[in-house]
Enquirer: 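Take a look at this one; I'll ask things after.
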Amino acid sequence: MKFGGIRGRATTWAVAASALLSGSAWANPHPWQLNLTKGVTQTSHEVWDLNMASFLVCVVIGVIVFGAMIIAMFRFRKSKGAVAEKWSHSTKLELVWTIIPVLILMGLAWPATKILVRTTDTADAQMTVKVTGYQWKWRYDYVDYDGKTVKKVGFMSRLDKKSDATRQLDSGLDPKAVVDANGTNDYLLNVDHPLVVPAGVKIRFLITGGDVIHSWWVPDLGWKMDAIPGIVNAAWTKISKPGIYRGQCAELCGQDHGFMPIVVKAVPKAQFEKWLAAQESAAQLDKASRTAQADSTPGDDSQG
Amino acid sequence: MAHAASQDHHDDHHEAPSGFFRRWFMSTNHKDIGTLYLIFALLMFFIGGSMAMLIRAELFEPGLQLVQPYFFNELTTMHALVMIFGAIMPAFVGLGNWMIPLMVGAPDMALPRMNNMSFWLLPFAFTILLSSFFLPGGAPAGGWTMYPPLSIQGGDSIAFLIFFVHVSGISSIMGAINIIATILNMRAPGMDLLKMPIFVWTWLITAFLLIAVMPVLAGAVTMLLTDKYFGTSFFNAAGGGDPVLFQHVFWFFGHPEVYIMILPAFGIISEIIPTFSRKPLFGYKAMVYATASIAFLSFIVWAHHMFAVGLPLGAELFFMYATMLIAVPTGVKVFNWVTTMWKGSLTFETPMLFAVAFVILFTIGGFSGIMLALVPADFQYQDTYFVVAHFHYVLVTGAAFSIMAAVYYWLPKWSGNMYSERWGKIHFWLSVVSVNVLFFPQHFLGLAGMPRRIPDYNVAFADFNMISSIGGFVFGATQLIFVGVIIHCVFFAKKKATDRVWEGSKGLEWTVPSPAPHHTFAVPPVIDDSQLAHGDVTH
Ligand SMILES: [Cu+2]
């Protein structure tokens with residue numbers, strides 16, 4: 001279907017199956033995906049582990065509780081001659097199933113606390129990007145990089161044209177036909193100008209909202225953060241390998257809430273520095289109307 | 001009615017009023033008002049359900065086929081409001097109205113006229129809410145949570161929504177006052193607090209929650225109203241306000257509200273499982289204390305709905321730990337239900353089937369709740385279909401299943417007829433299978449990265465969405481069977497119910513005739529401990 005033909009489908013299945021087993025990272029969500037992405041940051045890996053640990057704890061408790069229930073349902077049926085006993089409490093038992101869950105929960109709270117303490121620390125970032133949510137697009141402004149202020153690099157990032165045409169009511173266009181150069185479907189997950197960042201660098205994000213509340217979420221980075229008007233939230237990431245990582249706005253923000261995706265393009269450091277320098281000089285050359293890369297909004301100053 | 005006469009010395013007064021208008025519109029009778037509440041809830045269940053059907057139809061495959069995105073937002077917003085305030089809450093109030101006086105041996109609710117008013121506010125409240133669909137600009141579309149600035153961005157529908165919240169809030173508060181007054185003042189002599197059925201206990205605690213938080217919601221939405229129309233800036237950052245403040249106030253109402261919708265369900269399940277296990281409820285006192293602890297904890301966990309708003313580390317940790325703590329008393333309840341079944345003598349009539357499904361499926365909703373409580377993991381789950389799956393397990397296979405269980409359990413007492421066990425079981429099995437087809441795949445969608453409240457999605461999410469939609473259509477259609485079973489039972493069933501109805505039933509409600517006469521316990525019953533639902537708990 002999306003790769004055309006049965007072979008394409010079989011390949012998808014094989015890749016999907018191997019990814020499910022190995023937990024390898026996907027830049028895109030894929031059909032029949034059952035679990036969180038492992039992602040490409042230390043945070044997303046730790047969150048994935050926490051997700052699995054808590055899931056397994058639930059499965060074990062579920063097997064015990066539901067198992068006991070199912071046994072009871074078969075063994076103590078009236079139709080099999082079961083006669084009800086009269087007892088109705090046991091302080092010992094009740095203490096046991098108050099204390100054991102407390103211990104299990106402490107076992108989960110400990111790693112969660114550790115991850116949280118580490119991930120809230122935005123100090124020592126080598127780069128700052130300001131992210132602003134608008135109805136219904138994102139704006140990215142590069143604030144500083146490697147200790148130096150970035151001059152006038154900022155742009156709007158909107159849903160790509162192909163997705164936008166296809167997503168209109170009764171457009172007659174097939175969402176399956178919206179694919180990237182590799183044939184991967186990127187319907188509603190592609191933008192005109194992705195956020196370009198260096199891999200292997202601790203990046204601090206300053207996240208805010210321009211009109212209503214949005215939420216900036218790229219699953220491969222392992223977190224989301226609300227973009228709230230009047231408040232600047234801080235978050236950070238350090239992407240371990242170059243690639244294209246996609247996400248979406250995760251807080252209801254009006255009619256086109258479903259149509260303001262996020263694309264992060266992580267490139268090697270040297271390549272990023274070249275790109276940033278090109279953007280800066282383009283901004284210098286074309287102060288009046290900004291660069292061809294960037295959309296201008298009246299009265300909207302880029303970070304100086 | 002022969003039995004009724006023995007219960008009532010004033011034979012002339014115990015018949016229902018003859019005129020239709022007098023009986024149903026001017027009623028002060030707890031049973032008739034209970035019936036009105038239940039019929040109203042059923043009607044709202046279908047109105048909210050038809051919105052859900054439209055939502056699932058639009059999500060059946062990628063691309064927009066049926067509705068514009070803005071109308072989709074109207075649907076999700078109104079679906080939630082109708083289901084929460086129109087279906088689940090009134091259904092529990094209806095059950096409380098019918099059963100609490102019968103269970104504590106009271107002749108009626110303590111404040112019968114207020115009872116009439118608290119019901120009759122609801123049709124007006126919902127006329128206000130539903131009429132907003134016909135306003136220019138349409139119904140509210142900012143989500144049932146009404147987060148500003150989005151919620152006050154649209155047309156005047158928000159004013160309708162706010163007025164609706166006030167009217168239905170007054171109704172809830174009056175209902176809660178009535179229930180507290182009844183339980184604390186009207187119990188038959190000898191019906192000590194710690195002898196009350198668990199359903200009465202859970203409603204007592206729920207009523208206190210309602211009184212505590214409905215005014216908070218009323219305050220929050222009034223601030224919203226003045227922000228929109230009178231130039232205040234409580235939540236407007238440009239005027240020095242704070243949009244996050246609304247979320248704090250809203251969820252200070254919203255989290256206890258979650259327990260308002262589940263504690264009475266715990267009560268129902270705690271009545272049904274002992275009956276069909278023919279064994280007293282295990283750990284009666286622990287159940288009461290667990291309910292009270294859950295209610296207390298529900299006031300200090302609100303910010304777990306807001307982990308991604310950028311709370312300070314200390315707050316995130318506090319709300320994570322407090323939220324996880326709720327799993328302990330909730331776990332006690334689940335373990336006690338299972339232990340009640342252990343070494344019982346079980347039969348599986350329809351109420352028991354729904355109760356067993358409740359225990360398993362509600363627990364699955366609790367499991368995803370524990371996962372959501374872990375802040376770093378919540379940064380991934382928040383606002384995705386994982387959350388949608390979580391709260392539908394808790395509210396549909398939790399609250400709604402418990403209401404269905406309660407209807408099957410008490411319908412013979414209400415109507416005097418036995419419902420069709422065969423069709424009840426068909427309703428159960430179709431429901432329990434389709435509801436899982438509907439909601440289980442939504443866990444996968446959320447984990448794979450599908451945000452909630454979106455009308456269209458990437459092709460990767462197509463398969464599970466289609467499965468979920470098919471489950472939704474079957475679940476929706478199955479509920480027509482429920483209506484059929486009820487109508488058949490009330491009007492056409494040949495098989496009469498006995499007074500006791502179920503072999504293992506205990507408690508005062510089963511000592512009155514079936515159908516329960518218009519007036520019961522005009523003379524307080526004599527309490528016989530061995531006939532109480534929870535046996536002797538003094539040792
Ligand atoms: Cu948005």
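We name chains A, B, ... by the order of the sequence lines, and we start the count at 1 in each one. What you are looking at is a predicted structure, and each value in this text was computed from that prediction instead of being measured. Computation of the quantities below employed the complete heavy-atom set of this structure, encompassing side-chain atoms and omitting hydrogens, waters and symmetry-equivalent molecules.
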Enquirer: When you look at Asn458(B) and Asn185(A), which way does the side-chain hydrogen bond (donor to acceptor under 3.5 Å, both in side chains) test go after all the steps?
Expert: CA-CA 8 Å; Asn458(B) 180 264; Asn185(A) 188 285; 3.0 Å; yes
Enquirer: Contact part of Ser163(A) toward chain B, heavy-atom cut-off under 4.5 Å: side chain, backbone, both or neither?
Expert: neither
Enquirer: Who wins among Gly344(B), Pro451(B), Ala377(B) for the most heavy-atom pairs under 4.5 Å with chain A?
Expert: Gly344(B)
Enquirer: With sequence neighbours left out, what residues match Thr330(B) under side-chain hydrogen bond (donor to acceptor under 3.5 Å, both in side chains)?
Expert: none
Enquirer: Side chains of Leu447(B) and Thr37(A): closer than 4.5 Å at any heavy-atom pair?
Expert: no
Enquirer: Checking heavy atoms, do the side chain of Trp223(A), its backbone, both or neither come under 4.5 Å from chain B?
Expert: both
Enquirer: Checking Tyr381(B) against Asn51(A) for the side-chain hydrogen bond (donor to acceptor under 3.5 Å, both in side chains) test, could you report, in this order, the C-alpha distance in whole Å, the side-chain angles of both residues, the deciding distance, and whether it holds?
Expert: CA-CA 10 Å; Tyr381(B) 309 141; Asn51(A) 168 63; 2.5 Å; yes
Enquirer: Can you list the residues of residues 64-71 of chain A that sit under 4.5 Å from chain B, counting heavy atoms only?
Expert: Val65(A), Phe66(A), Ala68(A), Met69(A), Ile71(A)
Enquirer: Are any non-hydrogen side-chain atoms of His89(A) and Lys285(B) less than 4.5 angstrom apart?
Expert: no
Enquirer: Between Gln153(B) and chain A, which part of the residue has a heavy atom less than 4.5 Å away: side chain, backbone, both or neither?
Expert: side chain
Enquirer: What part of Asp456(B) gets closer than 4.5 Å to chain A, counting heavy atoms only: side chain, backbone, both or neither?
Expert: both
Enquirer: Identify which part of Phe335(B) has an atom lying under 4.5 Å from any heavy atom of chain A, answering side chain, backbone, both or neither.
Expert: both
Enquirer: Run the side-chain hydrogen bond (donor to acceptor under 3.5 Å, both in side chains) check on Gln382(B) and Glu251(A) step by step: do they pass?
Expert: CA-CA 9 Å; Gln382(B) 166 101 52; Glu251(A) 179 66 55; 5.5 Å; no
Enquirer: With a 4.5 angstrom heavy-atom cut-off, could you sort out which part of Tyr147(B) is near chain A: side chain, backbone, both or neither?
Expert: side chain
Enquirer: Between Lys343(B) and Trp87(A), is NZ or CZ placed under 6.0 angstrom from the six-membered ring centre and within 45° of the ring axis?
Expert: no
Enquirer: Contact part of Thr339(B) toward chain A, heavy-atom cut-off under 4.5 Å: side chain, backbone, both or neither?
Expert: both
Enquirer: Which atoms of Asp242(B) come close to chain A, meaning under 4.5 Å heavy atom to heavy atom: side chain ones, backbone ones, both, or neither?
Expert: side chain
Enquirer: Between Thr113(A), Thr120(A), Ile207(A), Ile231(A), who has the most heavy-atom pairs with chain B when the cutoff is under 4.5 Å?
Expert: Thr113(A)
Enquirer: Side chain from CB out, backbone as N, CA, C, O: work out which of these in Phe348(B) comes under 4.5 Å of a heavy atom of chain A, or both, or neither.
Expert: side chain
